[in-house]
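Notes to accompany the following structure.
Every chain is numbered from 1 and lettered A, B, ... according to where its sequence line falls, protein lines coming before strand lines.
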Number of protein chains: 2
Amino acid sequence: MAPTTETLTAERILEATEEVLRRHGPAKATVVDVARALGVSHGSVYRHFRTKAALREAVTKRWLDRTSGELSGIAAAEGDPEARLRDWLSALFAAKRRKAGDDPELFATYMVLTGEAGTAVGEHITDLTAQLARIIRSGVDAGSFDTADPEASARAVFHATGRFHDPCYSREWERPGVEGEFEAVVELVVRGLHS
Amino acid sequence: MAPTTETLTAERILEATEEVLRRHGPAKATVVDVARALGVSHGSVYRHFRTKAALREAVTKRWLDRTSGELSGIAAAEGDPEARLRDWLSALFAAKRRKAGDDPELFATYMVLTGEAGTAVGEHITDLTAQLARIIRSGVDAGSFDTADPEASARAVFHATGRFHDPCYSREWERPGVEGEFEAVVELVVRGLHS
DNA sequence: CAGCTGACAGATTTCAATATCTGTCATCTG
DNA sequence: CAGATGACAGATATTGAAATCTGTCAGCTG
């Protein structure tokens with residue numbers, strides 16, 4: 001694309017890569033395309049990212065971190081832990097559903113990227129369950145939740161609600177009735193946590 | 001394979017198709033292969049199944065029905081509903097995990113088959129949640145479970161435990177610690193159901 | 001000399017020609 | 001004549017040669 005005089009940074013490469021992925025999809029997005037988009041040779045891209053896989057994983061990480069960031073506010077907030085848990089789960093579902101619904105092709109692209117084994121997804125899940133554990137712990141402290149192991153309960157809640165945040169279910173998220181299914185599972189889970 | 005004098009029945013075709021799928025995998029299993037395995041012309045296969053898709057769906061249905069059958073005994077049994085619910089969920093997880101672990105290639109084949117949109121999977125899920133609903137209803141009658149809508153609760157329980165029976169998670173089922181994760185989710189769900 | 005380039009080897013992908021498959025049906029056979 | 005066959009048209013899959021990509025690196029440039 002248009003050559004620039006700006007310095008070539010990891011950040012600029014990541015932005016260009018996102019754009020190339022959006023345009024070409026995961027199968028046809030090449031490092032050469034990214035370099036072309038930046039007006040540099042592909043060798044320069046390899047100066048910042050050792051391999052194509054590392055570049056793709058960095059893009060994935062950025063994308064996942066955006067979701068984590070949206071939710072961390074709720075996890076850190078003050079107030080009724082049960083309400084916060086419900087809010088957090090709703091926000092997670094809403095965020096995923098929005099991403100999947102607004103631009104299905106891009107979402108499919110990221111599904112491919114997250115499927116390429118790497119540590120990014122695992123770290124994202126660790127991050128999210130840590131947020132959940134924080135909420136649950138504050139519920140235990142307040143006496144509204146009862147669990148011996150908030151971390152384990154957090155993982156259980158995360159797993160139990162997987163249908164409403166795991167990308168492999170994304171095509172179900174637009175069906176009529178999901179909202180109700182979501183409420184039912186959240187209800188079950190919140191009741192299971194109660195003392 | 002070996003030609004036979006036996007009459008050509010839908011049942012024999014289904015058996016041969018299973019064998020061909022096991023041998024060749026979902027991508028390379030053709031109707032011609034099935035006919036060859038039976039020692040007949042492929043036109044004869046089309047006499048019993050209108051399309052290749054119908055044949056594949058019939059095989060899928062048979063496979064899914066085998067799991068449903070294994071579980072229906074637990075759902076129909078007498079005795080403590082909570083124990084039956086735990087047994088049923090454990091049996092479902094064990095059955096899926098065994099199928100995935102014993103013959104991963106065949107399991108992958110069936111994952112492809114179930115992914116080919118059709119009514120078989122939907123009916124299977126309806127069947128399983130009906131079994132769950134039966135257990136939950138008996139728990140409500142016995143006074144140990146509390147829910148206004150056992151069918152809805154059954155779907156919620158099924159969704160909440162998806163990570164331990166949905167094929168899209170099958171590669172997680174062999175990791176150390178799954179057993180514990182499973183127990184934690186079941187515990188959460190059972191507590192959520194309790195009155 | 002830090003950062004960029006572009007040629008290169010080996011791996012991967014594309015593309016078009018070729019082969020095989022699906023689904024139909026007129027015809028055959030017991 | 002019920003049930004099986006195999007030739008056929010159009011759709012799909014395979015194959016192998018050519019094009020492109022990945023990752024490296026010696027050398028260029030500011």
Side-chain angles (χ1 to χ4, degrees), chain A residues 1-60 105 108-109 112-113 115-118 120, chain B residues 1-60 105 108-109 112-113 115-118 120:
Chain A
M1 211 43 60
T4 321
T5 52
E6 272 180 77
T7 350
L8 188 61
T9 61
E11 184 60 23
R12 283 188 62 225
I13 293 174
L14 289 176
E15 271 163 27
T17 306
E18 269 188 4
E19 182 56 22
V20 168
L21 280 165
R22 194 188 309 274
R23 275 217 168 79
H24 297 33
K28 296 208 274 184
T30 71
V31 176
V32 171
D33 288 330
V34 173
R36 226 193 325 264
L38 288 162
V40 300
S41 86
H42 73 281
S44 303
V45 174
Y46 279 98
R47 177 163 298 279
H48 293 83
F49 296 93
R50 274 204 310 288
T51 63
K52 182 187 185 183
L55 174 56
R56 287 166 83 109
E57 184 158 4
V59 170
T60 308
E105 284 191 40
T109 292
V112 172
L113 292 191
E116 293 167 2
Chain B
M1 212 39 62
T4 321
T5 52
E6 273 180 76
T7 349
L8 187 61
T9 61
E11 184 60 24
R12 283 188 62 225
I13 293 174
L14 289 176
E15 271 163 28
T17 307
E18 269 189 4
E19 182 55 23
V20 168
L21 281 165
R22 193 186 311 271
R23 274 218 169 78
H24 297 28
K28 297 208 272 183
T30 71
V31 175
V32 171
D33 288 330
V34 173
R36 227 192 324 264
L38 288 162
V40 300
S41 85
H42 74 281
S44 302
V45 173
Y46 279 98
R47 177 164 297 281
H48 292 84
F49 296 93
R50 274 205 309 288
T51 64
K52 182 188 184 183
L55 174 56
R56 288 165 81 110
E57 184 158 5
V59 171
T60 308
E105 284 192 39
T109 292
V112 172
L113 292 190
E116 293 167 1

Atom CD of B:Glu105 with >12 non-hydrogen neighbours under 6.0 angstrom: no

A:Thr30: partners by side chain to side chain donor-acceptor pair (under 3.5 Å), with sequence neighbours left out: A:Asp33

For [X] and [N], what is the distance between atoms [atom1] and [atom2] respectively, to the nearest whole Å?
| X | N | atom1 | atom2 | result |
| --- | --- | --- | --- | --- |
| A:Leu38 | C:dC4 | CG | C1' | 13 Å |
| B:Lys28 | D:dT15 | NZ | C1' | 13 Å |
| B:Ile13 | D:dG3 | CD1 | P | 12 Å |

Close N or O pairs between protein and nucleotides 22-30 of chain C (under 3.5 Å):
from: C:dT22; atom 1: OP1; to: B:Val31; atom 2: N; distance (Å): 3.1
from: C:dT22; atom 1: OP1; to: B:Lys52; atom 2: NZ; distance (Å): 3.2
from: C:dT22; atom 1: OP2; to: B:Val31; atom 2: N; distance (Å): 3.1
from: C:dT22; atom 1: OP2; to: B:Val32; atom 2: N; distance (Å): 3.3
from: C:dG23; atom 1: OP2; to: B:Tyr46; atom 2: OH; distance (Å): 3.0
from: C:dG23; atom 1: OP2; to: B:Lys52; atom 2: N; distance (Å): 2.6
from: C:dG23; atom 1: N7; to: B:His42; atom 2: NE2; distance (Å): 3.3
from: C:dG23; atom 1: O6; to: B:His42; atom 2: NE2; distance (Å): 2.9

OP1 or OP2 of C:dT5 under 4.0 Å from side-chain N/O of A:Ser41: yes

Closest heavy-atom pair and its distance - B:Ala16, B:Val34: CB-CG1, 4.2 Å

Minimum heavy-atom distance B:His42-B:Val31, with the two atoms named: CB-CG1, 4.2 Å

Check ion pair A:Glu15-A:Arg12 (N to O, under 4.0 angstrom): no

Backbone of A:Ala120 reached by a side-chain donor or acceptor of A:Glu57 within 3.5 Å: yes

